[in-house]
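Just so we're on the same page: letters track the sequence lines, and every chain starts at 1.
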2 protein chains.
Amino acid sequence: MPKALIERVARYHQIASRAGESGQSQVSSAELAEYVGVDATMVRKDMAIIGVGGRPKVGYFVGDLLARLNDVLGLSRRNEAIVIGCGGLGSAIARYPGFARYGLKIVGVFDSDFSKVGQLVGEHRVLPMEKCKSVIEVFGVRIAIITAPGSRAQQLCDWLITRGIVGIWNFAPVDLRVPPNVAVRNENLGIGAAQLIYHVNNRTTPTAPAP
Amino acid sequence: MPKALIERVARYHQIASRAGESGQSQVSSAELAEYVGVDATMVRKDMAIIGVGGRPKVGYFVGDLLARLNDVLGLSRRNEAIVIGCGGLGSAIARYPGFARYGLKIVGVFDSDFSKVGQLVGEHRVLPMEKCKSVIEVFGVRIAIITAPGSRAQQLCDWLITRGIVGIWNFAPVDLRVPPNVAVRNENLGIGAAQLIYHVNNRTTPTAPAP
DNA sequence: TTTTGTGAAAATCTTCACAGCG
DNA sequence: CGCTGTGAAGATTTTCACAAAA
């Protein structure tokens, strides 16, 4: 399974999802290609790989496509998550409304700072770390979103894994190391900034198309 | 210039930067490879491309490496940025301490909601959108960080570009479209979530090494 | 006649194997 | 020796060209 494809599948999902909401019932490979920023041929190849068939002259049916994408991504099942650390980033994420579409449900927000415990963050009451273990067990939580300080993130991560967490979404400014059976996504804003700056400094000056 | 390389260069910078701070004066390709998650050979290839030479038995000098990386990424010059929208995500980003290392300096925080104008977000006073134009001009701002609602993001983006912005870091849950001479980085938390969920559901179960 | 589907070619990226140097 | 440097081989990803279908 092409690794780069997974990068695109999530985008296809977004587009299909949006198209569905706006009442559109089919999308063409050209349309998908446009939004994802690749060639239309590749979209068709991708569709072949994930097992979605289209119809010449019509395109792909949004319903079919979305169903298959949900299946591939695993969004059909409910995906419970907890947020650890409710500083600025943590509380913003805990309140972020856009996760519902992906079946990601935040079931607990934790902080080791007692002055934050008990505060309301969106619809979540901040809980002390002591409660974390039970929440994981009770809800069968598999995903943890870490927004704790970099200095504590790895230690926290290790502990969460012993408690059964198998997916880590890390916003602390360090790259977390995990055993091979655990999925980790290191978001790292600093690296994002560096990449953007690179592209700003090396952006394409608009040139006339080659003859 | 290999596109995938740029993805790694920012990570090399992070590692080198950290190594320097902890007093380490050289790093080996194996060490860099370990952290970035690629083969050591590729690190050496990358170094050759960006023009960093190492020494057998020693590795790469952190000072040389960092200087070159700063140059390649364009972090030597100061990179002014503004933040538009100071909801949860916007204010978290405005206060994020990790950007200094990359020369990214936030010089203004804006919101169109008058009830937020005048509030203090970290060290920044929230300004009304009317002031945005002048701030861009006065500081020569090239980068805008958008955390406004998805519904307004594209319109805002278009306007910013007319005002001279050439780099957009977009946290709204839509993919912004920009002309080819503008750099855009669509961060999109929803898509990040979808990708993590995929990897959680398809993570490698630890198997015995092949015989 | 437009849009999908796909084998073959091209480009890109990654790993291998080993030479070279301190 | 241990680690860098690099040409050649290998794997993957992307594009091209065109057949097929509605």
Peer 1: Figure out the CD1/C1' separation between B:Ile49 and D:dT6, and round it to whole Å.
Peer 2: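 It works out to 12 Å between those atoms.
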Peer 1: For C:dT3 and A:Ser28 - does any side-chain N or O of the residue sit under 4.0 Å from the phosphate oxygens OP1/OP2?
Peer 2: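 Looking at the OP1 and OP2 atoms of C:dT3, neither is under 4.0 Å from any side-chain N or O of A:Ser28.
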Peer 1: Once ring pair (Phe, Tyr, Trp, His ring centres under 6.0 Å) is applied, do any residues pair with A:Tyr102, and if so which ones, sequence neighbours excluded?
Peer 2: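 Checked A:Tyr102 against ring pair (Phe, Tyr, Trp, His ring centres under 6.0 Å); matches are A:His13.
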Peer 1: Who are the side chain to side chain donor-acceptor pair (under 3.5 Å) partners of A:Ser28, not counting sequence neighbours?
Peer 2: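 By the side chain to side chain donor-acceptor pair (under 3.5 Å) rule, A:Ser28 matches no residue at all.
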Peer 1: I'd like to know if B:Arg11 and B:Glu34 make a salt bridge, using a cut-off of under 4.0 Å between side-chain N and carboxylate O.
Peer 2: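 No, this pair does not count.
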Peer 1: Under 4.0 Å from any atom of DNA chain D, heavy atoms only: list the residues of residues 15-26 of chain B that qualify, in numerical order.
Peer 2: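 DNA chain D contact set from residues 15-26 of chain B: none.
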Peer 1: Holding to side chain to side chain donor-acceptor pair (under 3.5 Å), I want the full list of residues that pass it with B:Gln26, two or more places apart in sequence or in another chain.
Peer 2: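 Once residues adjacent in sequence are excluded, B:Gln26 has no partner under the side chain to side chain donor-acceptor pair (under 3.5 Å) criterion.
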Peer 1: Just jot down the salt bridge (Lys or Arg N to Asp or Glu O under 4.0 Å) partners of A:Arg44, sequence neighbours excluded, or say none.
Peer 2: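 Checked A:Arg44 against salt bridge (Lys or Arg N to Asp or Glu O under 4.0 Å); zero matches.
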Peer 1: May I have the distance from A:Met47 (atom CE) to C:dT3 (atom P), rounded to whole angstrom?
Peer 2: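 Answer to the nearest Å: 16 Å.
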Peer 1: If the sugar-phosphate is the primed atoms plus P, OP1 and OP2 and the base is the rest, what is the B/S/- string for nucleotides 8-22 of chain D, using protein heavy atoms under 4.0 Å?
Peer 2: B----SSBB----B-
Peer 1: Using the test side chain to side chain donor-acceptor pair (under 3.5 Å), find all partners of A:Asn202 that sit at least two apart in sequence or belong to another chain.
Peer 2: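 Listed in chain order: nothing, the list is empty.
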Peer 1: I'd like to check the ring pair (Phe, Tyr, Trp, His ring centres under 6.0 Å) partners of A:Phe171; sequence neighbours left out, ordered by chain and number.
Peer 2: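 With neighbours one apart ignored, the set is A:Trp169.
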Peer 1: Write out all pairs satisfying salt bridge (Lys or Arg N to Asp or Glu O under 4.0 Å) with one or both partners inside residues 148-165 of chain A, taking only residues at least two apart or from two chains.
Peer 2: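 For residues 148-165 of chain A, and leaving out neighbouring residues, there are no salt bridge (Lys or Arg N to Asp or Glu O under 4.0 Å) pairs at all.
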